[in-house]
Amino acid sequence: MKRLLLTAALAVVASSAFAHGNVSCPAVAKEEKKPQMELQKKLEGEGWKVRKVQNYNGCYEVYGFDGTGKKAEAFFNPKTFERIYPEGEQPETAAK
């Protein structure tokens, strides 16, 4: 039983680690990037609860809860704050 639980837990961790491997933002010059704090404030104004913002493949990656209270891992263009979806993911399926 313990082995089954451990295997299931590892599968979940591995799948989430690879879930966003196919996302990247267009190259943006450093001076054109908006500060991460601006994105956090924008999202919080939309009802998000932001836990963490970091850089990932040229995007800002945000961890937290979206405006509907669902757990979210989302990517944003650092110049425009437009949401970027990983390859094969659409806006309506993004918030699983």
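Sequential numbering from 1 along the given sequence is applied to the chain's residues. In what follows, every heavy atom counts, from backbone to side chain, and hydrogens, waters and symmetry copies are set aside.
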>> When you compare the side chains of E44 and Q40, does any donor N or O come within less than 3.5 Å of an acceptor on the partner?
In response: yes
> Do V62 and I84 belong together in a cluster built from hydrophobic side chains that touch within less than 4.5 Å?
Replying inline: no
> Just by distance, do the side chain of N77 and the backbone of E82 share a donor-acceptor pair under 3.5 Å?
Replying inline: no
> Mind checking whether K33 and Y60 have side chains closer than 4.5 Å, heavy atoms only?
Replying inline: yes
> Is L39 reachable from W48 through a run of hydrophobic residues whose side-chain heavy atoms are each under 4.5 Å from the next?
Replying inline: yes
> Step by step, would you call V53 with Y63 a side chain to side chain contact (heavy atoms under 4.5 Å, CB included)?
Replying inline: CA-CA 7 Å; V53 180; Y63 292 96; over 6 Å; no
> Which atom pair, heavy atoms only, marks the closest approach of G58 to C25?
Replying inline: O-CB, 3.3 Å
>> Less than 6.0 angstrom from the centroid, inside 45 degrees of the normal: does K34 satisfy that with respect to the ring of F81?
In response: yes
> Minimum heavy-atom separation for P78 to C59, with atom names?
Replying inline: CD-CA, 4.2 Å
>> Quick check: closest heavy atoms across P86 and F75, and the distance to 0.1 Å?
In response: CG-CE1, 4.1 Å
> Where do R51 and G64 come nearest, in terms of heavy atoms and distance?
Replying inline: CG-CA, 3.7 Å
>> Minimum heavy-atom separation for E73 and E61, please, with both atom names.
In response: OE2-OE2, 2.6 Å
> Which heavy atom of G69 sits nearest a heavy atom of F65, and at what distance?
Replying inline: O-CD2, 3.6 Å
> Is there a donor in the side chain of Y56 and an acceptor in the side chain of Q54, or the other way round, less than 3.5 Å apart?
Replying inline: no
> Does the pair K42/E46 count as a salt bridge with the N-to-O cut at 4.0 Å?
Replying inline: yes
